[in-house]
Every structure is written in C-alpha cells, then in structure tokens.
Amino acid sequence: MTVSVLDPAALAPLLDGWEEGMLYAYLSGCMGHAVTNEDFRSAQVRVGDFCFFAGAPDAAVAAWQPEPTRPYTILIPRTRDWDSLIERAYPQARRSVRYAFRKQDSFDRARLRDFAAALPGGYALRRMDESLYHLAAQEEWSRDLVSQYPVWENYAAHGMGYAVLQDGALVCGASSYADWPDGIEIEIDTHPAHRRRGLARACAAALMLDCLSRGLHPSWDAANGVSAHLAQTLGYVPAGAYPVYEWML
C-alpha cells in the first residue's frame, strides 16, 4: 500500500545526502510529488520526468504511477537493490547512464562571459521573457525549457533562463527545469538545425553567470556524453556516472 506524502520534510531522512537538484526542489516544497509506504521506510519522488526511489525497496512504492502517466520517465534508484522491482514494474524500461557534477562553485567568470558573448553572426542572446516563454512552450524540441512552470506568472516568479534567436525565431535556450531557494537545475535545448554552433554554450554561460550573481547554484546533470563534455567546458567538476532506467509509455 502507498500513501501520498503531504510534508516533504517527512522524507528528508531517506533523501539526505543525495545531491540531486530535483530532490532539492521537492524537499523545499517547490515542485514534485511523492508516495511512501505506511511506515515511511520507502519513497518514490517525482519531479517532472524524473522519478527517484529511496529507502528500503518496496514493490508497491516501485510500481506506483501518477494519473495521467507521463509518456517518458527517467527512473533513478538510490541503491541497486531497487533494480529488480523497477524492472518488474517497468518491463520495457531501458538501462542507461547519466553523469553527475559536483554542487560547488568552480567557475571562471571571465571565461563564462567570453562564452556568453561568442555567438555566430545572425544570432542574438536574450533573457527569457513572456513572449519567449510562450514560444518555447509551443514547440516539442523546446517545451522542457518551461514545462515545469504551467503559466508565465509561475515562471516569472520562480524560473529563469536565456534564449538564442535567429530572425526572431527561438533556436536555443537554457532555462530552469526545477528550482529551489539556493539554486536551479539547468535544462538546455537546441533546435536540431542549429546545433554545433556554440549556441548552447552561450546560453548556458549566460544563465550560469546570472545564477552566480544571485548567489544561486546552477546545477547540471548530463543525459549523455555531449552534455557532459559541455558541462566540463563550462567549468563543472565531474562527480561520476550513475545508472538509470529510461521508460516510455
């Protein structure tokens, strides 16, 4: 049997020391939903497309899904003893890896300013505003730049981001996928026709500088080697690869 968690602080002992931006957002009460078992020894925490499993493995907690079920979910067990339960509950899930980075300020501000200014001709960098929020929300490739903020007013109050435009069209963005009082989790997306031109690096550098000027940590978690390489170029320190499952409805 599972029960919804009404107070995120109740799961703090199970999540303590797990350095994940989405979990910071959940524990701060900003985002997400969690279920547990009756004795609060197990937990499933969902923030956007990310689903975390912590505590003592529990089949009911592993199998719980929200309604409506999201079409794509990244399943992240804190310990390997969750694996068999996840594989049973999500038989079509594919094992993969992600790349973590240390939650520390190791950044060269001057280098970040150079990156933010290094756009090819014909492109312009802009802070995310209401018009760009709506542009991002309209396209599949860019939707996750704002997907965790259902209306502009919510994004304006809690989110932040930068975009690259060409002839008024949104072609790249770096934005907050999640937020908490001390930082954000960065989401970066580039239109396929505009990749490998330094646009993502420029957007990310601008957003990182903005975060640092406000005393916020720009958290980065990479889905693949390309993202991991960009993170290291920007000054992030690797904290190692970790296994996940990717599941599609």
Side-chain angles (χ1 to χ4, degrees), residues 21-22 24-25 99-139 141-149 152 155-239:
M22 272 70 71
Y24 295 160
Y99 303 88
F101 293 88
R102 298 191 186 281
K103 302 295 189 287
Q104 66 185 42
D105 183 349
S106 55
F107 308 112
D108 182 334
R109 271 84 167 159
R111 193 173 190 218
L112 290 177
R113 285 192 288 271
D114 288 343
F115 286 152
L119 279 177
Y123 292 98
L125 181 68
R126 273 178 48 190
R127 185 190 297 272
M128 192 73 75
D129 58 17
E130 185 172 5
S131 64
L132 293 174
Y133 167 91
H134 291 297
L135 282 177
Q138 291 170 8
E139 300 288 339
W141 71 267
S142 58
R143 193 164 296 143
D144 275 343
L145 293 171
V146 298
S147 63
Q148 302 311 303
Y149 304 88
W152 160 249
Y155 185 89
H158 302 285
M160 55 192 300
Y162 285 80
V164 173
L165 290 83
Q166 184 186 59
D167 298 326
L170 176 67
V171 296
C172 180
S175 182
S176 49
Y177 186 83
D179 68 89
W180 60 97
D182 297 323
I184 67 167
E185 188 70 28
I186 293 180
E187 170 77 19
I188 299 182
D189 294 296
T190 306
H191 189 284
H194 297 267
R195 291 174 181 166
R196 298 186 179 278
R197 302 182 188 183
L199 309 185
R201 187 181 65 184
C203 273
L207 179 55
M208 291 165 66
L209 286 166
D210 198 351
C211 284
L212 296 170
S213 72
R214 303 185 194 195
L216 302 175
H217 179 71
S219 178
W220 191 295
D221 191 270
N224 52 55
V226 173
S227 177
H229 176 73
L230 176 57
Q232 291 180 72
T233 300
L234 292 163
Y236 287 90
V237 177

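D179 places no side-chain N or O within 3.5 Å of a backbone atom of P181 that could act as its donor or acceptor partner. With hydrogens and angles disregarded, no donor-acceptor distance shorter than 3.5 Å links the side chain of T190 to the backbone of R195. When atom types are taken as modelled, the side chain of R113 and the backbone of A206 share no donor-acceptor pair closer than 3.5 angstrom.
Side-chain atoms of Y162 and D210 include a donor-acceptor pair closer than 3.5 Å. When only modelled atom types and interatomic distance are considered, E187 and S175 share no side-chain donor-acceptor pair under 3.5 Å.
For the atom pair OH (Y236) and OG (S219), the distance works out to 7.0 Å, reported to the nearest 0.5 Å. With rounding to the nearest 0.5 Å, the separation of CG in D108 from CG in L234 is 11.0 Å. For the atom pair M208 CE and R109 CZ, the distance stands at 9.0 Å (nearest 0.5 Å). Rounded to the nearest 0.5 angstrom, L216 CG and W180 CH2 are separated by 9.0 Å. From E185, atom CD reaches atom CE of M22 across 4.5 Å, with rounding to the nearest 0.5 Å. Atom OG of S106 and atom CD of Q232 lie 10.5 Å apart (nearest 0.5 Å).
Residues L170 and S142 are in side-chain contact: their nearest non-hydrogen atoms beyond the backbone lie under 4.5 Å apart. L212 has its side chain within reach of L112: a pair of non-hydrogen atoms, C-beta onward, lies under 4.5 Å apart. Counting heavy atoms from C-beta on, the side chains of Y155 and Q148 never come closer than 4.5 Å.
Scanning all heavy atoms of the two residues, the minimum distance from L132 to A163 falls at CD1-CB, 3.9 Å. In terms of heavy-atom proximity, G173 sits nearest to C203 at CA-SG, 3.9 Å. When all heavy atoms of Y123 and R197 are compared, the pair lying nearest together is OH-NH1, 2.5 Å. Closest approach of A124 and L119 over heavy atoms only: C-CD1, 3.9 Å. The minimum heavy-atom distance between T233 and F115, with the atom names listed, is O-CE1, 3.6 Å. The shortest heavy-atom contact between I188 and A174 is CG1-CB, 3.9 Å.
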Practice problem: In sequence, state the C-alpha distance, the side-chain angles, and the governing distance for I184 and C211, and then conclude on side chain to side chain contact (heavy atoms under 4.5 Å, CB included). | Solution: CA-CA 8 Å; I184 67 167; C211 284; 3.5 Å; yes
Quiz prompt | Intermediate values then yes/no, side chain to side chain contact (heavy atoms under 4.5 Å, CB included), E130 and H134 | solution = CA-CA 6 Å; E130 185 172 5; H134 291 297; 3.6 Å; yes
Quiz prompt | Chi angles and distances behind the side chain to side chain contact (heavy atoms under 4.5 Å, CB included) call for L165, R126 | solution = CA-CA 8 Å; L165 290 83; R126 273 178 48 190; 3.8 Å; yes
Quiz item: Going through the checks in order, is the side chain to side chain contact (heavy atoms under 4.5 Å, CB included) test met by Y177 and D144?
Solution: CA-CA 7 Å; Y177 186 83; D144 275 343; 4.2 Å; yes
Check residues 222-229 and write down every donor-acceptor pair under 3.5 Å in which the side-chain atom is one partner and the other belongs to a residue at least two apart or another chain.
from	atom 1	to	atom 2	distance (Å)
N224	OD1	V226	N	3.2
N224	OD1	S227	N	2.8
S227	OG	W220	NE1	3.2

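In this structure D182 satisfies the salt bridge (charged side-chain N to carboxylate O under 4.0 Å, His left out) test with no other residue, sequence neighbours excluded.
When ring centroids are compared, Y133 and Y149 stay outside the 6.0 Å threshold.
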